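Okay, structure first, notes after.
In this chain, numbering begins with 1 at the start of the sequence shown. Because the structure is a prediction, the values reported are computed rather than measured.
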Amino acid sequence: MTRMTDGARTVSVIGAGRIGRAVIDFVGRAPGLRLGRVLSRSGLPDTADADAFFTAPADLIIDTAGPGALRAFGPRALGCTDLWTVGAAALADDALRAGMEAAAVRAGHALTLFTPWFAGIGHGLPHEVRGLHIRAERPGIGAPWSGALADAVLQFPDDLNSAVAAALCGPGIAATTVEMSDSGPGGAHRIEARLVTGFATFRSVAEFTGDPGASHPTAAAIIGALRRAGSALRQA
């Protein structure tokens, strides 16, 4: 993120749902950050006008609204500044991903995806990464399903943002497989992953509470990244 003349970084946010509200609250009170515009369908707490949102200066835009918002606004956002997104499932579309990568290169900006609960992603050289298998469990999935990630995204378009992000930052979509299962009413949200490389096998398990009063894990990941960006001590 670039720095404004007063030392603060302006962060604008797309979406004001559970993830967005937590990010907005953090940015509004964090030293070194300034809240810019907030774009939401309702117009609350700021605006529903995309032109007003994108013409306002920002050092960073964070999409907290998911794949639909990334499809609608991703290329335009990357033309303005760096973009962080929770909607990586949209990038399983090769044409959209290529268009966004081209927009980022033209403008000199970067798109950041979040893969905090997948061990080993980004380690080693690309040719050393052999495959990624993900097991996802949550209430409401229905009948068990397994197959290639590219097919899984068509079946579960709003449930595989983290999986697509991990694939794109790791072995690629074609080398990633998925199992989906239903944990039943009130059940856990659980993600297991096995990443196989030429030098190590990484296994990870993350289990999230569905309690509405708990921090959303993706919001926590974004807030953690914002905190690290302003710190002299950073996690690689």
Side-chain angles (χ1 to χ4, degrees), residues 1-6 8-30 32-115 153-154 156-165 168-169 216-226 229-230:
M1 291 185 288
T2 57
R3 187 175 294 276
M4 303 295 285
T5 55
D6 66 356
R9 299 179 178 94
T10 299
V11 179
S12 291
V13 179
I14 299 173
R18 185 179 172 195
I19 298 173
R21 289 194 304 271
V23 172
I24 291 163
D25 179 66
F26 175 79
V27 171
R29 57 184 168 79
L33 299 178
R34 178 196 297 110
L35 183 62
R37 303 304 301 263
V38 177
L39 179 65
S40 68
R41 289 179 180 175
S42 69
L44 298 174
D46 181 17
T47 186
D49 185 338
D51 289 335
F53 178 86
F54 284 111
T55 54
D59 299 299
L60 172 68
I61 293 173
I62 303 178
D63 159 37
T64 70
L70 187 62
R71 293 185 193 97
F73 302 119
R76 189 172 183 182
L78 282 168
C80 298
T81 190
D82 290 344
L83 173 65
W84 295 3
T85 183
V86 305
L91 299 175
D93 180 326
D94 293 339
L96 176 67
R97 186 173 70 252
M100 291 190 62
E101 289 176 348
V105 170
R106 284 195 303 269
H109 297 143
L111 174 64
T112 296
L113 311 178
F114 287 85
T115 62
V153 172
L154 299 178
F156 308 96
D158 298 315
D159 295 302
L160 292 166
N161 291 299
S162 295
V164 173
L168 292 175
C169 295
H216 192 289
T218 305
I222 294 171
I223 289 168
L226 288 169

Is [X] reaching over with its side chain to a backbone N or O of [Y], donor-acceptor style, under 3.5 angstrom?
X: Thr55; Y: Asp51; result: yes
X: His216; Y: Ile19; result: no
X: Asn161; Y: Ala89; result: yes

Minimal non-hydrogen separation, [X] against [Y], with atom names:
X: Leu113; Y: Ala165; answer: CB-CB, 3.8 Å
X: Val38; Y: Pro45; answer: CG1-CD, 3.8 Å
X: Pro157; Y: Pro67; answer: O-CG, 3.9 Å
X: Leu96; Y: Ala90; answer: CD2-O, 3.4 Å
X: Arg34; Y: Thr10; answer: NH1-OG1, 2.6 Å
X: Ala22; Y: Ala219; answer: CB-CB, 3.8 Å

Could you state the interatomic distance from [atom1] ([X]) to [atom2] ([Y]), rounded to the nearest 0.5 Å?
X: Thr115; Y: Leu168; atom1: OG1; atom2: CG; answer: 10.5 Å
X: Ile61; Y: Arg76; atom1: CD1; atom2: CZ; answer: 9.5 Å
X: Phe73; Y: Leu78; atom1: CZ; atom2: CG; answer: 13.5 Å
X: Ile14; Y: Leu70; atom1: CD1; atom2: CG; answer: 8.5 Å
X: Ser40; Y: Ile24; atom1: OG; atom2: CD1; answer: 8.0 Å
X: Asp46; Y: Leu35; atom1: CG; atom2: CG; answer: 7.5 Å

Under a plain distance cut-off of 3.5 Å, with no hydrogens placed, do Arg37 and Ser12 share a side-chain donor-acceptor pair?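 Distance-only check fails for Ser12 and Arg37.
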Salt-bridge present (Asp82, Arg9; N to O < 4.0 Å):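 No, Asp82 and Arg9 are not salt-bridged.
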Short N-O contact, Arg29 and Asp25, less than 4.0 angstrom: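 Judged by the 4.0 Å cut-off on N to carboxylate O distance, Arg29 and Asp25 do form a salt bridge.
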What is the ring orientation for Phe114 with Trp84, classed by angle as parallel under 30°, tilted 30 to 60°, or perpendicular over 60°?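 Aromatic pair Phe114/Trp84 classed perpendicular.
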Salt bridge (charged side-chain N to carboxylate O under 4.0 Å, His left out), that's the test. Do Arg71 and Asp63 meet it? Break it down for me. CA-CA 11 Å; Arg71 293 185 193 97; Asp63 159 37; over 6 Å; no
What verdict does the side chain to side chain contact (heavy atoms under 4.5 Å, CB included) test give for Val153 and Asp93, after you've listed the backbone C-alpha separation in whole Å, the side-chain angles of each residue and the deciding distance to 0.1 Å? CA-CA 9 Å; Val153 172; Asp93 180 326; over 6 Å; no
Could you walk me through whether Thr64 and Arg18 satisfy the side chain to side chain contact (heavy atoms under 4.5 Å, CB included) test, starting with their C-alpha distance in whole Å, then the side-chain angles of each, then the deciding distance to 0.1 Å, before giving a yes or no? CA-CA 9 Å; Thr64 70; Arg18 185 179 172 195; over 6 Å; no
What's the verdict on side chain to side chain contact (heavy atoms under 4.5 Å, CB included) for Leu83 and Thr112, showing C-alpha distance, side-chain angles and the deciding distance? CA-CA 6 Å; Leu83 173 65; Thr112 296; over 6 Å; no
Intermediate values then yes/no, side chain to side chain contact (heavy atoms under 4.5 Å, CB included), Leu39 and Val13: CA-CA 6 Å; Leu39 179 65; Val13 179; over 6 Å; no
